[in-house]
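Here is the structure we will look at, set down as structure tokens.
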Amino acid sequence: MIDLRLLRDNPDVVRASQTARGDDPALVDVALDADARRRSSLADFESLRAEQKALGKQVAKAQGEEKHQLLTRTKQLAEEVKSRQADAHAAEKELDELLYQIPNVVEGAPPGGEDDYVVLKTVGEPRDFESEGFEPRDHLALGEALGAIDTARGAKVSGARFYFLTGIGARLELALLNAAVDQAVAEGFTPMITPTLVKPDTMRGTGFLGKHAEEVYHLERDDMYLVGTSEVALAGYHADEILDLSDGPLRYAGWSACYRREAGAAGRDTRGIIRVHQFHKVEMFGYCRPEDAEAEHERYLAWEEAMLAKAGLPYRVIDTAAGDLGTSAARKFDCEAWLPTQQRYLELTSTSNCTTFQARRLNVRERTADGTTRTVATLNGTLATTRWIVAILENHQQADGSVRVPEGLRPYLGGLEVLEPVA
RNA sequence: GGAGACGUCGCAUAGUCAGGUCUAGUGCGCCACCCUGCUAAGGUGGUAACGGGGCAACCCGUUCGCGGGUUCAAAUCCCGCCGUCUCCGCCA
């Protein structure tokens, strides 16, 4: 939720943000109007309520005829209070619904849509397979030859976009995720294994039930949601709390299964495990002071790049355009690894600065030096996911169908240097 | 799944049976000041969050797990839900 005060004091900032995202700037004025109605109906209700309470005290003391007269007045008043309260309630709800439709205010992201990202840098050289003298195989062909990935049986058991990681494939994923957790712990993150089913309030608070609600699995019978990332649980972790950030930002590394319906992706990335309904992820998530959020965001990006280095992948970093930001993000950097068989970059990490947007919805505040409270900022960023296996297999493959294990992962595979095809 | 107890402004508790004097008391903790040559102890005052109004001092409202209801009036009575604990049943 955006800051109501910002909306009132600087509506132009919010209008400009809406325009940058390709959303309707008029929503700002509709919300301002609703806010004015809310405040006036609230004032009406509150003054009547104050009168009712004052009279109520007299009723308690009065006797006989005086009490009788007071009661006839207070009974009338009660009716009116009730109706004004209902008005105030309705106005509040109306404003709330409007505010929920306004995504976070963009901060520094380039204007435009999905294709208008800005490449911040490119790291590492894509291999020249032609000069090496062989045609690279895609991750599924490699994974099947290595006995690492089984999508056929995944489909048999659970349907399209499901898979089994088998043998060395399962070990490779564990190695990757363990490397991510170890790095995070070394940097001072608290490792967390999080719930993957959450209540509606938590899912709504993190901003995933807006435009992208179609992406989320919902369990009708229990009214619970399957999370698409541990960000959801970690954002909810401190909901309704007042934090002490005097020792610096809080940093958590969440390890969880992630579930996505991929409703809007029909026909895209159908081969292999690039786009699947279930995968695992180690996610950085943190709380910090609003003025520290931008610098913290840069650190998250640096930690992602450190992981990519461990995996030995060529990649680029993009600054996502305003129109392609998630509801909660004010700015987002993605790291995309080179995918040789598709001659394109594939998103492996994404780090968002959500400023105070998520925290305001989830009511996460900090105690400031002068004793007051204020809303904190939240950030998130990917450290490793199942999808990384795609890039690792393709980029480190050799002519004989074997795959070199990147050095950063070898300690997690008992020193194994090469993955060999199984017969 | 069944039965019961419980949920109060950081923590611990009083208040709920008998609705109005609860503007929610007290202890601990915390903050400021005072006193004491230091320290310990002691004294005085302050100390929940959110919203609305006001330049401000301040005033008003909401919140006693959450949501409804009864009533002129709800921490207190009624209903539903959530959570914690205890016992029973069932299952891994």
Side-chain angles (χ1 to χ4, degrees), chain A residues 1-9 31-100 102 194-205 209 218-225 232-233 236-247 250 287 289-290 356-376:
Chain A
M1 186 150 56
I2 61 159
D3 187 355
L4 188 54
R5 222 156 282 273
L6 176 73
L7 188 76
R8 271 187 223 152
D9 298 344
L32 278 173
D33 192 50
D35 179 45
R37 280 202 305 283
R38 165 187 149 267
R39 280 189 287 169
S40 92
S41 69
L42 191 61
D44 281 355
F45 159 67
E46 287 187 349
S47 64
L48 269 180
R49 177 73 174 141
E51 190 184 345
Q52 183 190 36
K53 285 175 79 167
L55 281 177
K57 274 174 194 166
Q58 293 179 37
V59 171
K61 288 179 196 148
Q63 295 291 329
E65 181 60 21
E66 189 193 359
K67 183 158 189 164
H68 184 74
Q69 284 185 0
L70 275 171
L71 279 180
T72 45
R73 268 188 70 196
T74 49
K75 276 180 191 173
Q76 284 176 357
L77 197 55
E79 296 269 313
E80 209 168 339
V81 166
K82 200 168 257 185
S83 100
R84 295 300 175 90
Q85 181 169 34
D87 290 348
H89 245 107
E92 176 103 50
K93 201 177 163 207
E94 194 191 342
L95 174 64
D96 251 25
E97 277 166 12
L98 286 166
L99 288 179
Y100 264 67
I102 301 178
T194 65
T196 52
L197 280 170
V198 299
K199 299 196 281 187
D201 279 353
T202 306
M203 193 52 96
R204 200 176 309 117
L209 287 188
H218 179 229
L219 300 187
E220 197 75 47
R221 192 166 170 178
D222 300 286
D223 196 17
M224 293 190 84
Y225 293 89
V232 177
Y237 187 68
H238 285 303
D240 296 318
E241 294 183 21
I242 298 172
L243 306 177
D244 179 2
L245 295 179
S246 57
D247 291 331
L250 296 181
Y287 302 82
R289 293 178 169 157
T356 58
F357 187 86
Q358 269 183 341
R360 188 167 293 104
R361 286 188 174 188
L362 291 163
N363 192 27
V364 186
R365 291 160 292 165
E366 68 152 332
R367 181 77 59 189
T368 58
D370 64 4
T372 59
T373 63
R374 66 170 178 165
T375 305
V376 303

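A, B, ... follow the sequence lines: proteins, then strands. Residue 1 opens every chain.
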Check every strand shown and say whether [X] touches a base, only sugar-phosphate, or nothing at a heavy-atom separation below 4.0 Å.
| X | value |
| --- | --- |
| Arg84(A) | nothing |
| Gln52(A) | sugar-phosphate |
| Arg374(A) | nothing |
| Ala50(A) | sugar-phosphate |
| Arg365(A) | sugar-phosphate |
| Thr72(A) | nothing |
| Leu42(A) | sugar-phosphate |

Worksheet item: Checking side-chain hydrogen bond (donor to acceptor under 3.5 Å, both in side chains) for the pair Gln52(A)/Arg49(A): CA distance, chi angles, key distance, verdict?
Response: CA-CA 5 Å; Gln52(A) 183 190 36; Arg49(A) 177 73 174 141; 2.7 Å; yes
Fill in: Cationic N near anionic O, under 4.0 Å, Asp35(A) to Arg38(A)
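Yes, Asp35(A) and Arg38(A) are salt-bridged.
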Worksheet item: When you list every nucleotide of RNA chain B with an atom under 4.0 Å from a heavy atom of chain A, which one comes first 5' to 3', and which comes last?
Response: rG20(B) to rA74(B)
Inter-residue atom distance [X].[atom1] - [Y].[atom2], 0.5 Å rounding:
| X | Y | atom1 | atom2 | value |
| --- | --- | --- | --- | --- |
| Leu7(A) | Ile102(A) | CG | CD1 | 5.5 Å |
| Glu46(A) | Gln85(A) | CD | CD | 10.5 Å |
| Arg39(A) | Leu42(A) | CZ | CG | 10.0 Å |

Euclidean distance for [atom1], [N] against [M] (whole angstrom):
| N | M | atom1 | result |
| --- | --- | --- | --- |
| rC91(B) | rU8(B) | P | 37 Å |
| rC90(B) | rC79(B) | C1' | 30 Å |
| rC59(B) | rG4(B) | C1' | 47 Å |
| rU44(B) | rU36(B) | C1' | 15 Å |
| rG37(B) | rA24(B) | C1' | 44 Å |
| rC6(B) | rU13(B) | C1' | 14 Å |
| rG45(B) | rC28(B) | P | 14 Å |
| rG19(B) | rC64(B) | C1' | 15 Å |

Worksheet item: RNA chain B: Ala78(A) or His89(A), which has the more 5' nearest nucleotide?
Response: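 Residue closer to the 5' terminus by nearest nucleotide: His89(A).
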Worksheet item: Taking the nucleotide of RNA chain B with the closest heavy atom to each, which residue, Phe45(A) or Gly56(A), is nearer the 5' end?
Response: Gly56(A)
Tell me which nucleotide, if any, is Watson-Crick or G-U wobble paired with [N] when both distances must be under 3.5 Å.
| N | result |
| --- | --- |
| rC85(B) | rG4(B) |
| rC91(B) | none |
| rG37(B) | none |
| rC22(B) | none |
| rC9(B) | none |
| rC55(B) | none |
| rC30(B) | rG46(B) |
| rC66(B) | rG80(B) |

Discussion item. If I compare all heavy atoms of Thr202(A) with all of Gly236(A), which pair ends up nearest, and what's the gap?
Written reply: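 What the structure gives for the nearest pair is CG2-CA, 4.1 Å.
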Response to the item:
Nearest heavy-atom contact between Pro290(A) and Val376(A) is CD-CA, 4.4 Å
Worksheet item: Hey, which of Arg365(A), Arg367(A), Arg289(A) is the one that makes side chain to side chain contact (heavy atoms under 4.5 Å, CB included) with Leu245(A)?
Response: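 Single pass found, and it is Arg289(A).
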Practice prompt. Test salt bridge (charged side-chain N to carboxylate O under 4.0 Å, His left out) on Lys93(A) and Asp96(A) and set out the steps.
Written response: CA-CA 5 Å; Lys93(A) 201 177 163 207; Asp96(A) 251 25; over 6 Å; no
